[in-house]
Amino acid sequence: MSNKATLEINGNTHELPIIAGTENEYALDIKSLRSDTGGYITLDAGYKNTGSCESEITFLDGEKGILRYRGYSIEELAEKASFLEVAYLLIFGELPTNKQLERFHSDIRKQSLVDDDVKKIVDAYPRFAHPMGVLSSLTSALTAFNPSSVNVDSEEDMYNAIVKILGKFPVLVAWTMRKKQGLPLGYGDNTLGYVDNLLKMMFEKPNEEFVHNKIIIEALNKLLILHADHEQNCSTSTVRIVGSSHAGLFASLSAGISALWGPLHGGANQAVLEMLEDIKADGGDTKKYMAKAKDKDDPFRLMGFGHRVYKNFDPRAKIIKKSADEVLGDLGVEDPILEIAKSLEQEALSDPYFVKRKLYPNVDFYSGIIYRAMGIPTDMFTVMFALGRLPGWIAQWREMRLRKEPIGRPRQLYIGKTHRPFKSIDKR
Ligand code: SDX
């Protein structure tokens, strides 16, 4: 295998080093392209062919439908690990020992209070505010209440900021949901597990004893693991580029939450449920929506289908689809939406338009069906995605800072007006 590529421009030959990854992936190193070629850059809208970094965190193979966190398969982690174990693995690179996990969880519990003044920010929002907008601003507001989390150059300072956000974020998630429901904003119970505590904060009622449901705890643990990281997706790239200016961790995460909100990204899980509801209201006419998805003049897309990287089944979608059947069955929930989703999937998987474009169900196609069965409101689905993705964002931000990556600042190809003299208003 050659370790150099050659590029010929105007009769001049330029060599580009080839860098090999650990999974038979190769990259052309173009860091000196512009200086070597007298100004040539590459152009790649959406970065479909451009790597932004080298990373040791997550590997995915879109053709084979492989997803691994630090070398462990998503299938094994989803079955055998806890969300906090996976968070530790993603952030620090190894599965924790019992002692390490206990210390990590204890440090997180110590940080699981949020300054009561943050409630004034929550109260300032109208109840119809979208939870993702509220969550993004509350996450950024944490910087004001935790100024020591901004300038984090040492690993110890980073660790302190990391356990702070892992402790406080579930509280913000619960407050964001409860505010819309007119419920009191409280705190969790540090005697509970991380996921169990989150569910209690989200669903407890002041006048009832909270009933812990093992099925829901296990299902949410699995969903959060499946969402925990996904290499350089839109929101993770946002966290990395904001963090590359040495903005604090919380500010970087706040930006990532905003990027995830978009319906082409994490917002798709909400959009899938709304689409399935529309189809149900339309008498289950899936063919009409398939036709809309294929009509170039119609902006409608089949939400929950397609992926920038997976040109085969999204391995997470396979696991979530199986879990949807189990959870709804165990909870005794009959949801016609699940049947509509399955028939839509079957139709799409045999439709030439989708087959030719390799459009398969992605992580967002079935997840909302489970969230709904858990009693989570539709507009909170992307907030749940953000909670799942939190350890991945943290891990990627920490890797970027520890590797001392340069500030992100892409080039452009200017195609605007060339120089022209100013024209006074009476001559325009
Ligand atoms: C996530 O990157 C990640 O890792 C993201 C994520 C993560 O874990 O972080 O996996 C989470 O964001 C999953 C994706 C959720 N989004 C959706 O489900 C929204 C619907 N999907 C699409 O918008 C689309 O598939 C994307 C955005 C996911 C991917 O878009 P690409 O890679 O830019 O592909 P494209 O838009 O260039 O589409 C290629 C072709 C086009 O048709 P042609 O111009 O070739 O004729 O496929 C068509 C598209 O029109 N197409 C679809 C479609 N998705 C792509 N047509 C109908 N319905 C769709 N869903």
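Both ligands and their constituent atoms are indexed starting at 1 by order of listing. Heavy atoms only: backbone and side chains are in, while hydrogens, waters and symmetry mates are out.
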Any atom of ligand 1 sitting under 4.0 Å from a heavy atom of Arg316? yes
Min N/O separation Leu359 to ligand 1 under 3.5 Å: no
Any nitrogen or oxygen of Lys311 lying under 3.5 Å from a nitrogen or oxygen in ligand 1? Just yes or no. no
Would you compute the distance between atom CD of Glu85 and atom OG1 of Thr97 and round it to the nearest 0.5 angstrom? 10.5 Å
Contact partition for Glu231 relative to ligand 1, non-hydrogen atoms under 4.0 Å: neither
Which atoms of ligand 1 have any heavy atom of Lys296 under 4.0 Å away? 42 (O), 43 (P), 44 (O), 46 (O), 50 (O)
If you measure from each non-hydrogen atom of His265 to ligand 1, which part falls under 4.0 Å: side chain, backbone, both or neither? both
State whether the shortest distance between N or O atoms of Asp364 and N or O atoms of ligand 1 falls below 3.5 angstrom. no
Using a 4.0 Å cutoff against the non-hydrogen atoms of Arg308, which atoms of ligand 1 qualify? 29 (C), 31 (P), 32 (O), 33 (O)
Can an N or O of Phe385 be found at a distance shorter than 3.5 Å from an N or O of ligand 1? no
Could you tell me whether some N/O pair between Met303 and ligand 1 is separated by less than 3.5 angstrom? no
Which atom of Phe365 lies closest to which atom of Met303, heavy atoms considered: CD1-O, 3.7 Å
Partners passing salt bridge (Lys or Arg N to Asp or Glu O under 4.0 Å) against Glu231 (at least two apart in sequence or in another chain): none
Heavy-atom contacts under 4.0 Å between Lys294 and ligand 1: side chain, backbone, both, or neither? neither
Out of all atoms in ligand 1, which are within 4.0 Å of some heavy atom of Ala268? Include the element for each. 15 (C), 16 (N), 17 (C), 18 (O)
Should the pair Lys318-Glu75 be classified as a salt bridge under the 4.0 Å nitrogen-to-oxygen rule? no
Is ligand 1 under 4.0 Å from a heavy atom in the side chain of Arg389, in the backbone, in both, or in neither? side chain
Ala317 and Val363 have their tightest heavy-atom pair at CB-N, 4.3 Å
Within-cut-off N or O pair, Leu264 and ligand 1, under 3.5 Å: yes
Between Tyr353 and ligand 1, which residue portion shows a heavy-atom distance shorter than 4.0 Å: side chain, backbone, both, or neither? side chain
What pair of heavy atoms forms the shortest contact from Phe300 to Met275, and how long is it? CZ-SD, 3.5 Å
